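Letters A, B, ... are given to chains in the order of the sequence lines, protein chains preceding strands, and every chain is numbered from 1. Since the model is a prediction, treat every value here as computed from it, not as a measurement.
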Number of protein chains: 2
Amino acid sequence: MILDSETKAVELPEDHGDELRLWLRLLTCTTLIEGEVRSRLRERFDVTLPRFDLMAQLDKVPDGMTLSDVSKRMMVSNGNVTGLVERLVESGHVDRRTSETDRRVQVIRLTKLGRAEFRRMAEEHETWIAEIFTDLTPKDVRELMRLLAKTKGSAQKAAQKSTGKAP
Amino acid sequence: MILDSETKAVELPEDHGDELRLWLRLLTCTTLIEGEVRSRLRERFDVTLPRFDLMAQLDKVPDGMTLSDVSKRMMVSNGNVTGLVERLVESGHVDRRTSETDRRVQVIRLTKLGRAEFRRMAEEHETWIAEIFTDLTPKDVRELMRLLAKTKGSAQKAAQKSTGKAP
DNA sequence: AAATAATTCTTTAAGCTTCAAGTAACTTGG
DNA sequence: CCAAGTTACTTGAAGCTTAAAGAATTATTT
């Protein structure tokens with residue numbers, strides 16, 4: 001703590017350059033990889049990344065999930081999911097029906113076509129990811145996982161603090 | 001290498017689950033932080049993240065830069081930058097003029113207003129980032145920087161390979 | 001039971017983003 | 001010089017994304 005001549009607390013600008021550089025590097029990595037995956041998905045399967053991501057969520061749950069669940073898991077807005085699902089239903093990849101127990105809720109699932117196409121894409125997608133991370137040793141991967149988990153926790157705490165929400 | 005009964009090379013599906021999980025975690029971290037920064041920029045300064053990012057690029061170069069430079073640095077498409085710049089010129093934050101030596105080139109710079117506003121925002125932005133990464137020790141930060149640098153290099157190699165471009 | 005609150009989802013407007021195609025200007029090889 | 005190729009940027013269409021407001025339904029409170 002630094003006190004000025006009138007004995008009042010004064011904030012000195014601290015240096016947070018390292019954190020800023022870390023954030024920019026994190027963002028660069030993600031943007032780079034995301035762009036690569038996006039362009040491969042487009043040229044190999046003529047599918048967009050958001051559509052692939054949504055189908056990936058649905059592939060994990062045979063009985064389907066609600067739009068809200070999708071929204072939370074994908075960390076995008078509700079309205080966004082509404083539009084995405086509409087296009088996936090239109091193209092026959094996703095099935096949507098109103099919940100029997102709660103008529104506000106829409107339950108969506110992959111159709112047979114949707115699941116088949118997703119599995120085909122996912123297989124290749126996984127090899128792309130492996131190729132992209134190919135320079136990392138297994139130890140690097142473990143260490144990155146650990147540090148990113150810590151980062152995620154830290155970021156979540158900060159986000160809670162700013163919105164005043166409970167965990 | 002695995003050979004089947006007719007002595008033909010066969011591809012067995014290798015396990016790349018670790019890399020896939022790493023990628024998803026990386027994406028989660030970035031999305032989380034990006035969302036937090038986006039919402040704070042909006043509520044504190046009523047500015048969008050892309051506008052802030054573009055201004056950040058321009059703040060680093062007093063003499064301005066071309067649209068192509070911005071496009072490469074931000075890793076977004078040319079058309080995207082055209083639109084962003086148009087709105088920033090409209091709002092008086094950015095100045096744009098045609099290069100004297102090459103009339104294809106547009107050089108853009110921050111206006112006085114743009115620079116003042118950006119500096120004001122950047123100062124606070126830096127503290128947000130520090131807060132978001134607050135749980136990481138200096139050693140964690142260094143280690144993450146190192147591993148992300150390695151990741152970036154690996155991803156760039158993979159991207160080159162797929163597009164057949166020179167570094 | 002009725003009013004109130006909370007939730008789930010949709011809609012709308014504005015802006016962001018990509019891709020592909022197009023225009024204008026510069027560069028290069030013949 | 002000039003034709004062909006390259007580069008820099010813009011345009012247009014489609015899709016993505018958010019924030020905010022609204023509609024419908026369910027849950028809670030009184």
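Looking at which nucleotide of DNA chain D each of B/G35 and B/N80 is closest to, the 5′-most match is held by B/N80. Positionally, the nearest nucleotide of DNA chain C for A/G83 lies more toward the 5' end than for the other of B/R87 and A/G83.
Pairs passing the salt bridge (Lys or Arg N to Asp or Glu O under 4.0 Å) check and including a residue from residues 97-114 of chain B, sequence neighbours excluded, read B/D95-B/R109, B/D102-B/R104. Identified under the salt bridge (Lys or Arg N to Asp or Glu O under 4.0 Å) test for residues 17-31 of chain B, with sequence neighbours left out: B/D18-B/R21. The list of salt bridge (Lys or Arg N to Asp or Glu O under 4.0 Å) pairs with a residue in residues 39-55 of chain B, not counting sequence neighbours, reads B/E36-B/R40, B/R40-B/E131, B/R44-B/E124.
The side chain to side chain contact (heavy atoms under 4.5 Å, CB included) check on A/L113 picks up A/H93, A/T111, A/E117, with sequence neighbours excluded. Contacts of B/K152 classified as salt bridge (Lys or Arg N to Asp or Glu O under 4.0 Å), with partners at least two apart in sequence or in another chain: none. Annotation: salt bridge (Lys or Arg N to Asp or Glu O under 4.0 Å) contacts of A/E143 (sequence neighbours excluded): A/R146. Under the salt bridge (Lys or Arg N to Asp or Glu O under 4.0 Å) criterion, B/R96 pairs with no residue at all, not counting sequence neighbours. Every residue meeting the salt bridge (Lys or Arg N to Asp or Glu O under 4.0 Å) condition with B/R115, not counting sequence neighbours, appears here in chain and number order: B/D59.
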Protein and nucleotides 5-9 of chain C: nitrogen or oxygen contacts under 3.5 angstrom:
unit_1, atom_1, unit_2, atom_2, d
C/dT7, O2, A/R104, NH1, 2.8
C/dC9, OP1, A/Q106, N, 2.7
C/dC9, OP1, A/Q106, O, 3.3
C/dC9, OP2, A/S68, N, 2.7
C/dC9, OP2, A/S68, OG, 2.5

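Counting to the nearest Å, the P atom of C/dT18 and the CZ atom of A/R38 are 6 Å from each other. As a whole-Å value, the separation of A/E34 CD from C/dT17 P is 11 Å. Residue B/E100 contributes atom CD, which lies 12 Å from atom P of C/dC26 at whole-angstrom precision.
Near DNA chain C, meaning a heavy atom under 4.0 Å from it, residues 40-60 of chain B has B/T48, B/P50, B/R51 in order of number.
Reading DNA chain D from its 5' end, the first and the last nucleotide to sit under 4.0 Å from a heavy atom of chain B are D/dT7 to D/dA19.
Chaining together hydrophobic side chains whose heavy atoms lie under 4.5 Å apart places A/V107 alongside A/V105.
A donor-acceptor contact closer than 3.5 angstrom links the side chains of B/S99 and B/T101.
Checked against the 6.0 Å centroid criterion, the rings of A/F45 and A/F52 do not qualify as a close aromatic pair.
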